[in-house]
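So you know, we letter chains A, B, ... as the sequences are listed, proteins then strands, and number each from 1.
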Protein chains: 2
Amino acid sequence: MREFMAITKALSDPNRVRVLLALRQGELCVCQITELFSFAPSTVSKHLSILHHAHLILSRKSERWVYYRLPDKSAPVAVREALDWVHKSLAKSAETKADIKKLKQILKTDLAVICRRQKCC
Amino acid sequence: MREFMAITKALSDPNRVRVLLALRQGELCVCQITELFSFAPSTVSKHLSILHHAHLILSRKSERWVYYRLPDKSAPVAVREALDWVHKSLAKSAETKADIKKLKQILKTDLAVICRRQKCC
DNA sequence: AAGTCATTTCGTCAAATGACGAAATATAAA
DNA sequence: TTTATATTTCGTCATTTGACGAAATGACTT
């Protein structure tokens with residue numbers, strides 16, 4: 001029950017759901033997600049930690065960056081089913097399409113450039 | 001997206017999830033659910049209205065009482081999948097078993113008696 | 001037509017949530 | 001070893017949420 005509620009609470013914020021849908025395109029580092037959302041890095045980090053706590057995403061550190069990704073088949077059943085449900089329900093939504101479009105642009109740009117950009121404005 | 005978030009927000013409170021699991025036993029009226037939860041009737045009513053708004057439950061008025069039930073196959077896909085996911089994840093949990101046990105006792109008692117009982121203490 | 005009763009709506013209040021910026025942390029670069 | 005940089009943690013604040021009781025609603029009974 002506690003684990004299940006961690007999942008539903010994680011899914012109860014639209015921006016966290018957007019993260020899950022964005023990660024279907026492949027793993028992303030915090031600054032790429034921050035760029036996608038136009039939120040403060042600390043805000044994005046908090047959202048990611050809530051998703052991570054619910055085991056809906058996994059993290060990996062490499063060089064200067066922390067990457068988050070969706071879990072594989074070995075994830076708990078409740079997690080896998082939640083992720084499938086989210087994707088099935090929203091993959092075709094306008095919001096998801098817009099995010100994926102913006103994400104494609106972000107992925108074209110060098111990581112270091114994106115991160116540095118977030119310092120000034 | 002809006003409909004989907006209505007569902008996830010509805011599922012983000014454990015008491016609302018408990019309602020969905022209880023309704024697997026068959027339709028229940030507000031005072032029976034109130035009895036199960038030991039909350040104020042107004043609180044239960046609010047929870048039910050949130051579930052109803054997300055289309056996770058249906059309502060029916062008969063004689064003096066309002067009955068709530070789970071929807072049938074004709075419900076939206078996202079709703080059906082959510083309900084299946086909840087049930088699959090929690091049907092065997094300790095909390096669910098305890099609720100069902102208490103519910104069986106409640107169902108043995110006459111509706112009018114239960115409702116009247118909620119006036120005094 | 002008035003009264004009763006189950007439920008809902010409204011207003012209030014404490015607690016939780018989600019946003020931010022500043023400071024702390026940890027790792028890579030110089 | 002110092003500096004730079006990406007991320008996280010912390011404290012603050014406005015908003016939302018979930019609880020309650022009181023009052024309103026709406027449908028049977030009488």
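In this structure, A:His53 atom NE2 and C:dG18 atom P are separated by 14 Å, rounded to whole Å. Spacing between atom CD of A:Glu35 and atom P of D:dT7 amounts to 12 Å, rounded to whole angstrom units. Counting to the nearest Å, the P atom of D:dC20 and the CZ atom of B:Phe37 are 12 Å from each other. In this structure, B:Phe39 places its CZ atom 11 Å from P of D:dG18, rounding to the nearest Å. If you measure from atom CD1 of A:Ile57 to atom C1' of D:dT8, you get 14 Å, rounded to the nearest angstrom. Following rounding to the nearest Å, B:Arg60 (CZ) and C:dT7 (C1') show an atom-to-atom distance of 15 Å. Rounded to whole Å, atom C1' of C:dT8 lies 18 Å from atom CH2 of B:Trp65.
The side chain of B:Ser42 approaches D:dG21 more closely than any other nucleotide in the set D:dG21, C:dC20, C:dA6.
Dashed line: the shortest gap from a side-chain N or O of A:Ser45 to OP1 or OP2 of D:dT7 is not under 4.0 Å. Distances shorter than 4.0 Å separate some side-chain N or O of A:Tyr68 from OP1 or OP2 on D:dT8.
Taking the six-membered ring where the residue is Trp, B:Tyr68 and B:His52 present perpendicular rings, their angle passing 60° and hence far from 30°.
Where B:Cys31 and A:Lys46 meet DNA chain C, the nucleotide closest to each residue was compared, and B:Cys31 sits on the side nearer the 5' end.
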Reading nucleotides 24-30 of chain C from the 5' end, what letters show protein touch, with B for base, S for backbone sugar-phosphate only, - for no heavy atom under 4.0 Å? ---SS--
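Near DNA chain D, meaning a heavy atom under 4.0 Å from it, residues 4-29 of chain B has B:Asp13, B:Asn15, B:Arg16 in order of number.
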